[in-house]
**Student:** 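Next up is a structure, given as structure tokens.
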Number of protein chains: 2
Amino acid sequence: MKDALSILRRCKIQPTPQRIAVVEYVLKSKAHPSADDVLSYARKKCPTVSRATVYNTLNLLVEKGLLGMQTIKEGAVVFDSNIEKHHHFVDSETGDIYDIPWDQLEVKGKDKLKDFEIFEFQVILRGRRKKK
Amino acid sequence: MKDALSILRRCKIQPTPQRIAVVEYVLKSKAHPSADDVLSYARKKCPTVSRATVYNTLNLLVEKGLLGMQTIKEGAVVFDSNIEKHHHFVDSETGDIYDIPWDQLEVKGKDKLKDFEIFEFQVILRGRRKKK
DNA sequence: AATTTTATCTTGACATTGTCTAATATAATA
DNA sequence: TATTATATTAGACAATGTCAAGATAAAATT
Ligand SMILES: [Mn+2]
Ligand SMILES: [Mn+2]
Ligand SMILES: [Zn+2]
Ligand SMILES: [Zn+2]
């Protein structure tokens with residue numbers, strides 16, 4: 001992944017210290033953090049950053065297609081640095097979310113759903129991650 | 001579907017006017033209502049019913065396995081009178097949620113996910129419902 | 001450089017979701 | 001009836017998320 005600065009520049013988003021702190025964390029994380037997770041981290045690098053700026057930046061990244069947003073667990077949306085199509089596995093005990101590569105699963109029968117025009121879909125699995 | 005009163009009795013939940021109002025609506029609805037939707041309706045039948053009682057009752061029904069709960073759309077959990085296994089389609093424009101029968105879709109490849117013990121899964125599709 | 005204009009940030013207010021508690025009301029039991 | 005257990009209510013509370021107003025900073029003009 002490229003550094004936060006060049007990512008912001010490439011997308012014509014003014015790189016400010018606050019935005020850099022947000023981007024650095026959220027685009028690097030594979031943990032599907034909540035906005036509050038991002039805020040906590042960003043405040044380490046940039047102690048005065050506000051809740052509003054974090055939300056603004058996250059929403060901006062989502063609009064630009066640089067960041068995914070998922071409503072998988074209750075209470076708060078999570079943000080997803082993986083913007084390729086993929087499925088999700090949620091550990092019921094820990095709440096941790098894992099990516100399942102797109103081609104690992106195949107969903108058959110969508111063509112028969114005549115009443116619906118499908119823009120996107122994903123499989124959401126829940127269970128326990130086996131410790132290796 | 002049986003009437004609210006006998007459902008509550010059968011599950012050894014004291015049938016009160018408040019609970020009956022909640023059950024009547026939420027177990028009959030196919031619209032995947034939010035807690036607030038349920039509260040609004042319940043207040044028509046039982047104007048003094050409180051937010052807490054609605055949540056208590058909904059949670060009770062979920063615990064007893066009479067009601068499903070889904071985190072499909074952001075902002076609020078929705079409740080699901082369909083407790084059979086099924087998939088979901090979300091209309092991106094309206095936010096409406098439709099049930100997709102379990103055997104209409106087949107998800108292949110789950111066996112190959114060696115790292116995960118799967119308790120449950122579903123396909124979530126998003127798009128536009130075709131007007132018939 | 002100084003001024004003006006624009007973009008961004010912060011604070012705090014606000015609405016909504018959901019849980020919890022203390023007080024009250026209702027029902028069941030003795 | 002008196003006692004006990006159960007349910008309901010109102011409001012407090014915390015968390016998520018949006019918004020507007022004013023403060024700061026950056027950029028553009030002069
Ligand atoms: Mn988290
Ligand atoms: Mn609704
Ligand atoms: Zn993901
Ligand atoms: Zn459903």
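Atoms considered below: every heavy atom in the structure, side chains included; atoms not considered: hydrogens, waters and symmetry mates. Model, not experiment: these values are computed from the prediction.
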**Student:** Can you name the residues that form a side-chain hydrogen bond (donor to acceptor under 3.5 Å, both in side chains) with B:N59, not counting sequence neighbours?
**Tutor:**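 B:N59 satisfies side-chain hydrogen bond (donor to acceptor under 3.5 Å, both in side chains) with no other residue.
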**Student:** Any side-chain hydrogen bond (donor to acceptor under 3.5 Å, both in side chains) pairs touching residues 40-51 of chain A, not counting sequence neighbours?
**Tutor:**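 Residue pairs with at least one partner in residues 40-51 of chain A: A:E24-A:K45, A:S50-A:T53.
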**Student:** Atom pairs, N/O to N/O, protein against nucleotides 16-23 of chain C, distance under 3.5 Å?
**Tutor:**
residue, atom, partner, partner atom, Å
C:dG18, OP1, B:V77, N, 2.9
C:dG18, OP2, B:Y55, OH, 3.0
C:dG18, O5', B:Y55, OH, 3.4

**Student:** Which residue lies toward the 5' end of DNA chain D, B:R19 or B:R43, if each is placed at its nearest nucleotide?
**Tutor:** B:R19
**Student:** Just call it for B:T53: base, sugar-phosphate, or nothing, with non-hydrogen atoms closer than 4.0 Å on any strand.
**Tutor:** base
**Student:** First contact, last contact: which nucleotides of DNA chain D are these for chain B, 5' to 3', heavy-atom distance under 4.0 Å?
**Tutor:**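 Taking any atom under 4.0 Å from a heavy atom of chain B, the span is D:dA7 to D:dA10.
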**Student:** Aromatic rings B:W102 and B:H87: how do their planes relate, parallel, tilted or perpendicular, breaks at 30° and 60°?
**Tutor:** parallel
**Student:** For B:R9, is there any backbone N or O sitting under 3.5 Å from a side-chain donor or acceptor partner on B:K12?
**Tutor:** no
**Student:** How many angstroms lie between atom CD of A:Q104 and atom NZ of B:K112, to the nearest 0.5 angstrom?
**Tutor:**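 Answer for the CD-NZ pair, A:Q104 versus B:K112, is 8.0 Å.
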**Student:** Return yes if some donor-acceptor pair links the side-chain N/O of A:S34 with the main-chain N/O of A:A76 below 3.5 Å, else return no.
**Tutor:** no
**Student:** Quick one: which residue pairs count as a salt bridge (charged side-chain N to carboxylate O under 4.0 Å, His left out) with a foot in residues 113-131 of chain A, not counting sequence neighbours?
**Tutor:**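 Every salt bridge (charged side-chain N to carboxylate O under 4.0 Å, His left out) pair that includes a residue of residues 113-131 of chain A, provided the two are not neighbours, is A:E93-A:R128, A:E117-B:R128, A:R128-B:E117.
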**Student:** Is it true that a side-chain atom of B:T71 and a backbone atom of A:I72 form a donor plus acceptor pair closer than 3.5 Å?
**Tutor:** yes
**Student:** Same cluster or not: are A:L66 and A:V26 linked, directly or through other Ile, Leu, Val, Met, Phe, Trp or Tyr residues, by side-chain heavy atoms under 4.5 angstrom apart?
**Tutor:** yes
**Student:** Within the 3.5 Å criterion, strictly below it, is a donor on A:D99 or A:H32 matched to an acceptor on the partner's side chain?
**Tutor:**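 On atom types as modelled, these side chains qualify, holding a pair under 3.5 Å.
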**Student:** Among residues 88-98 of chain A, which ones have heavy-atom contacts with DNA chain C below 4.0 Å?
**Tutor:** none
